Asks: 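My structure is below; once you've seen it, I'll send some questions.
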Amino acid sequence: MLPRYALQTLRARRAGFVGAFLALLCAAALVTACGTLLETGLRGEIRTERYAGTPLLVTGDQNVHHEQRKGDKVKHKAKPVSERVWLPADTVDQLARLDGVEAVVPEVTFPAVAMGENGPLDGSGPESLGHAWTSAALTPFTLTEGAAPEADDQLVVDTALAERTGLTVGDAVTVQATAAPTRYTVVGLATPEGGELTEQAALFFTESEAARLADRPGQLAAVGVLPEPGADPAALRERLVEALEGTTLQVRADDERGAAEFLGAADARVQLVSMGGAIGGTGLLVAVLVVVGTFTLTGQQRRAELDLLRAIAATPRQIRRLIGREALLIGLVAGALGALAGMPLGRWLFEEFVGMGNVPATLGLVSGPFPPAAALLATALAAWLAARISARRTARVRPAEALAEAAVEPATTGWFRPLAGVLALAGGAVLLAVLSTLRTEPAATPVTYLSVLLLCVGVALLGPPLARAAFVLLGAPLRALRVTGHLATEHARANAARLAAVIAPLTLLVAMACTILFTQTTLGEAAERQAGQGVLADWVVTAAGPGVPAEAATRLRDLPEATAVTEVVRGTVRTPGLDRYPVQGVTADGAATTLDLGLTDGSLDDLGPETVAVSDLVADGHGLGPGDTFAVVLGDGTPVDLTVIAVYERGLGFGELPLDHALLSRHIDRPLAESVLVSGEMDAETLNAALADLPGLAVAAGSAVAEARAVEREANAEVAFLGMGLILAFTTIASVNTLAMATAERRREFALLRKVGTTRRQLRAVVRLESLAVAGTAILLGTGIALATLTAFATGMTGAPAPALTPGGYLAVAGAATVLALTATAVPARLAMRRGDHHAI
């Protein structure tokens, strides 16, 4: 009987269940979209372009490995490094002797950009890389015009780049690679046999010139292995693996070649996994919270029906099973439709990440059956769980009390709900205490959003007494409005549980929106402030191309007015324990004049190839001080032991580990300086004159460094806004949905008020006052939760309990919540009044 009765109930009360259905549908779509990102990060194939012509590729190991022992168990972990790991050049001779090998093609790759007077000729195109013409067979490229380069001042350009820049055979062009810009003559155009390169551009030099520009003597970026005609590639791969046994070199085939070509794809995959899991998990928790409130509201609207079932001897178990099966049916249908809607949503989200540059276009989107299936299961389970939680009190009421209780809303909620609310708030307070000690963004972000959710759960559980307290405080000013204010106050006091169900999602919306918005502004402002305080240089030189060549720094140092010139290059390193830190390499001579890192111990005077300064974050995390040895793994996998010479506090503005410029630049793919800081009594004209024949350089005031940090932080924040914006959209829909449900069910109340002489205009005014009061209460509670969370976040990340709140951003959030509350109640109220008028007649 129960399944059939559940179906009959759903048919009879379709309007009452629409809200829960919409909330669950949105939750399923969100989980499916995030599951698609997660699955893509785990299983997505990386398409190759440059190495499409070689079935087998030998590269270095692009991971740092760490073994963690716990008793007799050994856990192996590996994390990718950020730069290319090069391999010994003698690998070519070793592999060429193997049976089944037709040719072994060495590869070097380096940034190489065709420059005009004002910067790159192809400023909006893909990354431009240089290679030796002898490695053209790896794609393969074939000449379509001209000839191969024979002299070191000659080059071949790929046809797609030539079309974008207007270069033709015979043209002279300046190329900025890893040394001083050099003039070359275009002697040929080449096209890849598989079609144009879309994610990179290629410039081909002679083998000797490519080796000079790569500046990696005795090393290769990769080695392509071409099998003899008729040879089995799988068998040849096994022989290659045996030949390289005992080394860290790896043999790659199929989509593994793409990972070696596009190094950023490894980090992108990790980011997709973490982002998909974080957004999906947060969204599912939000869904449970919202759907519990929705089912609670639905249960209040049908309380008389359920209490009647108890009065005619339905057992608590039967009531719970009835409500659970109703929810399960809704969850299954909503989950199926939401999963279908989530697949294009996941595709759109992935494309947005690609457009922002966080994910390479060569990483293929995976749209498998697992995310929709998981979303369907999770949604059905969430619906069932939410319904069982919301039905707890109704199922426990005694039959003798059921009909009497159905007449009015219960004055109390029992002891369990308030106790659970207090425990949730206590748990949130514990998480805030933990959050205030976390000093890295990857660790702090999940705790931040979990804190908001747990505090909102506490508010939702304590909703009825909070709603009553709010309307007691608002009662005096509302009653000043006479009829409408008196009606609004009395309705609120009599229906606190219904209003609590409405206040909870709005509170969550305000709290989440403020937290998402102001965590980014807090970090951005702190980084900008630290960079602004720490840059003492009068001028900064930057480049539109691959970097500022060393020749520029040399010329600036030769200026008589220059008192200090500091080259700055940035990268990342890992510790043997796999912690990852942003670093910057600086030239030590004059660094104290151009930079103030906020030293708390030690000095930068001895900064060199064997020393390092550390931020207080790194110092505290690893127990370091001046004189200690700190082991790190540089970007290309090279391990070094460095002696700590100083500790400083401005890590957000300058990275966590300042290294010697020469040391860091030798181990990154883009060795040119990102910027050059200049101190001295001179004007911009003097600097521009010294750099006149070096293309693509720009001179700005030293304060531009802080502005650049702010722009960079904003770009990074876009990813967080996009991902968490889905949760905000879902929460917004749920809030509107709950408000509309609560208003639509008031037709009998409106009919009664019309019978006693209340005008429709007065009723609309009552609804507006209630909506404003609900919005004000939710804004106040949500703001309090957000402020507590942001204060803890700022304490941990910046060292000061002062989050950066922008008045415009906060007013936008508060205004949006108010407009949502008014809009979501206005239309349902009008419809309910019309029905109420009909009922009154």
Side-chain angles (χ1 to χ4, degrees), residues 64 66 79 82 274 432-448 519-535 568 570-586 591 595-604 607 611-635 640-660 664 705-706 709-710 712-713 716-717 720 790-804:
V64 178
H66 175 65
K79 295 289 185 180
S82 56
S274 61
L432 293 180
V434 173
L435 181 61
S436 65
T437 65
L438 299 177
R439 303 180 63 184
T440 61
E441 192 172 0
T445 298
V447 179
T448 299
T519 51
Q520 300 302 321
T521 59
T522 296
L523 288 178
E525 187 173 293
E528 184 179 2
R529 181 177 63 253
Q530 289 185 11
Q533 295 171 343
V535 175
V568 180
R570 292 200 291 169
T572 61
V573 300
R574 288 195 182 274
T575 67
L578 304 185
D579 294 327
R580 182 172 181 172
Y581 295 114
V583 300
Q584 65 175 354
V586 300
L595 290 171
D596 178 10
L597 302 181
L599 296 179
T600 58
D601 196 1
S603 169
L604 291 180
L607 185 63
T611 59
V612 65
V614 298
S615 69
D616 49 7
L617 168 65
V618 178
D620 293 344
H622 295 273
L624 298 173
D628 292 335
T629 299
F630 187 33
V632 299
V633 180
L634 300 175
V640 292
D641 291 332
L642 303 173
T643 301
V644 177
I645 58 171
V647 179
Y648 62 96
E649 59 184 3
R650 290 178 178 152
L652 282 175
F654 296 98
E656 308 298 347
L657 300 170
L659 302 175
D660 176 64
L664 185 60
V705 175
R709 292 289 185 273
E712 181 182 325
R713 189 71 215 179
N716 293 335
L790 290 167
T791 300
F793 177 82
T795 302
M797 293 298 299
T798 70

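Please read all numbers here as calculations on a predicted model, not as lab measurements.
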Asks: Pair Leu664, Val586 - check side chain to side chain contact (heavy atoms under 4.5 Å, CB included), show working.
Replies: CA-CA 9 Å; Leu664 185 60; Val586 300; over 6 Å; no
Asks: Using modelled atom types and a 3.5 Å cut-off, is there a donor and acceptor pairing between side-chain atoms of His66 and backbone atoms of Pro576?
Replies: yes
Asks: Give a yes or no on whether the backbone of Phe654 and the side-chain of Gln584 come within a donor-acceptor separation of less than 3.5 Å.
Replies: yes
Asks: Find the distance between CG (Asp616) and OG1 (Thr600) and round it off to the nearest 0.5 Å.
Replies: 6.5 Å
Asks: Considering all heavy atoms of both residues, which atom of Ala444 and which atom of Met797 are nearest to each other, and what is their separation?
Replies: CB-SD, 4.2 Å
Asks: Could you report the tightest heavy-atom contact between Ala706 and Ala531, atom names first, then the distance?
Replies: CA-CB, 3.9 Å
Asks: Could you tell me which residues satisfy salt bridge (Lys or Arg N to Asp or Glu O under 4.0 Å) with Asp601, sequence neighbours excluded, listed by chain and number?
Replies: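 Testing Asp601 for salt bridge (Lys or Arg N to Asp or Glu O under 4.0 Å), a comparison that skips the adjacent residues, returns none.
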Asks: So Thr572 and Val583, do their side chains get closer than 4.5 Å, heavy atoms only?
Replies: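 No, every pair of side-chain atoms sits at 4.5 Å or beyond.
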Asks: Heavy atoms only: give me the nearest Arg580-Ser82 pair and the separation to one decimal.
Replies: NH2-CB, 3.8 Å
Asks: For residues Asp660 and Thr611, determine if any side-chain heavy atom of one lies less than 4.5 Å from a side-chain heavy atom of the other.
Replies: no
Asks: How far does CG of Leu597 sit from CD of Gln533, to the nearest 0.5 angstrom?
Replies: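 Here the rounded value is 12.0 Å.
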Asks: Ignoring hydrogens, what is the shortest heavy-atom contact between Ala526 and Thr798? Give both atom names and the distance.
Replies: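 It is CB-CG2, 3.6 Å.
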Asks: So, Thr795 side chain and Gly799 main chain: donor-acceptor pair closer than 3.5 Å or not?
Replies: no
Asks: For residues 640-651, run the donor-acceptor check on the side chains, cut-off 3.5 Å, and write out each pair with its distance to 0.1 Å, sequence neighbours left out.
Replies:
residue	atom	partner	partner atom	Å
Tyr648	OH	Gly655	O	2.5
Tyr648	OH	Glu656	O	3.0
Tyr648	OH	Leu657	N	3.4
Arg650	NH1	Asp596	O	2.8
Arg650	NH1	Asp596	OD2	3.4

Asks: Enumerate, atom names and distances included, each donor-acceptor pair closer than 3.5 Å involving a side-chain atom of residues 617-633, sequence neighbours excluded.
Replies:
residue	atom	partner	partner atom	Å
Asp620	OD2	Arg439	NH1	2.7
His622	NE2	Tyr581	OH	3.0
Asp628	OD2	Gly625	N	2.8

Asks: At their closest point, which heavy atom of Thr519 faces which heavy atom of Phe793, and how far apart are they?
Replies: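 The answer is O-CE2, 3.7 Å.
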Asks: For a quick test of reading the model, state the closest non-hydrogen atom pair linking Ala794 to Pro803 and the distance between them.
Replies: CB-N, 3.8 Å
Asks: Any chance you could measure Leu438, atom CG, to Thr448, atom OG1, to the nearest 0.5 Å?
Replies: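 Result: 8.0 Å between the selected atoms.
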